[in-house]
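Remarks on the structure that follows.
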Amino acid sequence: MTLRSYLEGSWRAGTGEGVPVADAVTGEIVTLVTSEGLDLAAAVTYARRTGLAALGELTFPQRAAALKAAALALQERRQELYDLSARAGATRGDAAVDVDGGIGTALVYASLARKGLPDHTLIAEDDPVPLGKGGTFAGRHILTTPHGISLQINAFNFPVWGMLEKLAPALLAGLPTIVKPATPTAYIAAHAVRIMEEALPPGAIQLVAGNISGLFDLLGGQDHIGFTGSVATAARLRSDPAVTRRSARFNAEADSLNCSVLGPDAVPGQPEFDLFADALITEMTVKAGQKCTAIRRAFVPANLIDAVTGAVEARLARVVVGAPGAGGVTMGALVGLAQREDVRAAVARLRSAGSLIHGDPDKVEVVGADAERGAFLSPLLLRVDDVARPEPHEVEAFGPVSTLMPYGDIADLPELIARGKGSLAGSVVSYDRDFVRQIVLGAAAHHGRILVLDRDSAGESTGHGTPMPQLVHGGPGRAGGGEEEGGLRAVYAHLQRTAIQGGPAALDSIVK
Ligand code: NAP
């Protein structure tokens, strides 16, 4: 039953009892997770020696080819990952977001690197800048691979995508990766590593199932830590001496009270009115709302709030909750019973600021499973009229939950949006260009990404909640202050930038 870790090129089981991980749908135990007795120091040494050396022998396009091969291996066997994802409550559509999303992300990175990075192991970032009048002295910047590792710590909700979006830039940068998946879905991440391992150079990837206590003590200025999870864990890890004293790079993606804003022009009958309601339903139900980018705060013009409520409720009434794969099911389960309790507690706090207008946190009709044994929850729509209340802007219910809030004056919106204190994603749904401009410019400083949704772009739009590998994913403040993805920016973020100075010929000889 014990989930094995992939360390130093082989699969090893930890000792001790382990943390039981239950099937989100049936409650049966899927696996036990423990890292007790595993030699994590040896894994770090193996990464630094074997992994770093193997990747160091490859140029950027060669690393891109390895990444592509790993992604194609996953593609070939993705059904296995869908099947495992169903045990974590994910419908086929949810699993596609994680599995296909992850594969697609890796493939985009491989392609960007093949086209945009040199056939070399270093990047000359700029042309020489003359630093003397006589032309004998100049400077430029080079990017080289640090002598370290990439430790990635992931949240439970995207075991495949979360791993691949961090693995891709690290691998391209030449850094070996150690993955620490979240315990509730570690078995899915581990299976993905089993599928990929042969396509990757030795030591390029390792995985620890279970806790990684002591590992931070081994990290320092040459290492990169990529964290996704809650604000509380981010704060704890960020204050570790590995980061505060030894300056390991630390990138965090944390909670986010993302918003969507409906424009005053988008009255019923306008395409944007329906686009807004449809997007809200998508964000509430995909992955049962367990998405860091999901819309938690929906701002609508006060004179439209009843119409919007009606439109959203009509759509919610069509949501069928149940076992992934069972007939007609459109929304699966939360990852586990503990997660359901967390969401219920968060909803109770949100309710204290307003009213619950759709769904019952304690009761849901379920198709193909037992509503209590499985971690099922009804989609829950709240309405808070007193927008000055802190709860809707601060309490993240990490499930199928969203709160409608009215606004009167457009000029109030930037300040209202900013009460989220930094978000990963926001959207503006309107066909009024002046309104869109005002909101995007007013909200940009608080966001990592903003989607403008209207009738012209809707057909091709990738949607509010989907991070794109070409674009920045991350957000200021509460969202963690980090930046992932963003095309090759993410590769550069793993490399060391060094200014080199000297005569032009000497500089040329270094970068040739
Ligand atoms: P979490 O409890 O903070 O855990 C995140 C990860 O940190 C897990 O792998 C966890 O491992 C690990 N961890 C916990 N304590 C640790 C420690 N002392 N040392 C090293 N690792 C430690 O978050 P979660 O419940 O998995 O995820 C839900 C949260 O993540 C939500 O708040 C959501 O908003 C956020 N999230 C953000 C993004 C984003 O991109 N910004 C994406 C997804 C989720 P264990 O599981 O073994 O405890």
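In each ligand, atom 1 is the first atom listed, and ligand 1 is the first ligand listed.
Taken from CZ in Arg383 to OG in Ser355, the straight-line distance is 7.0 Å, to the nearest 0.5 Å. A distance of 11.0 Å separates OG of Ser247 from CD of Gln222, quoted to the nearest 0.5 Å.
His494 pairs by the ring-ring contact (aromatic ring centres under 6.0 Å, His included) definition with His224, not counting sequence neighbours.
His393 and Phe299 have parallel rings, their planes meeting at less than 30° on a 0 to 90° scale where 60° marks the start of perpendicular.
Side-chain atoms of Glu165 and His473 form no donor-acceptor pair, as typed in the model, at a separation below 3.5 Å.
Each of Ile153, Asn154, Ala155, Phe156, Asn157, Lys180, Pro181, Ala182, Thr183, Pro184, Ile212, Phe227, Thr228, Gly229, Ser230, Thr233, Arg236, Leu237, Glu253, Ala254, Asp255, Cys292, Glu396, Phe398, Leu424, His473 has a non-hydrogen atom positioned under 4.0 Å from some atom of ligand 1.
Figure legend: cation-pi geometry between Arg92 and Tyr82, with NZ or CZ positioned under 6.0 Å from the six-membered ring centre and within 45° of its axis.
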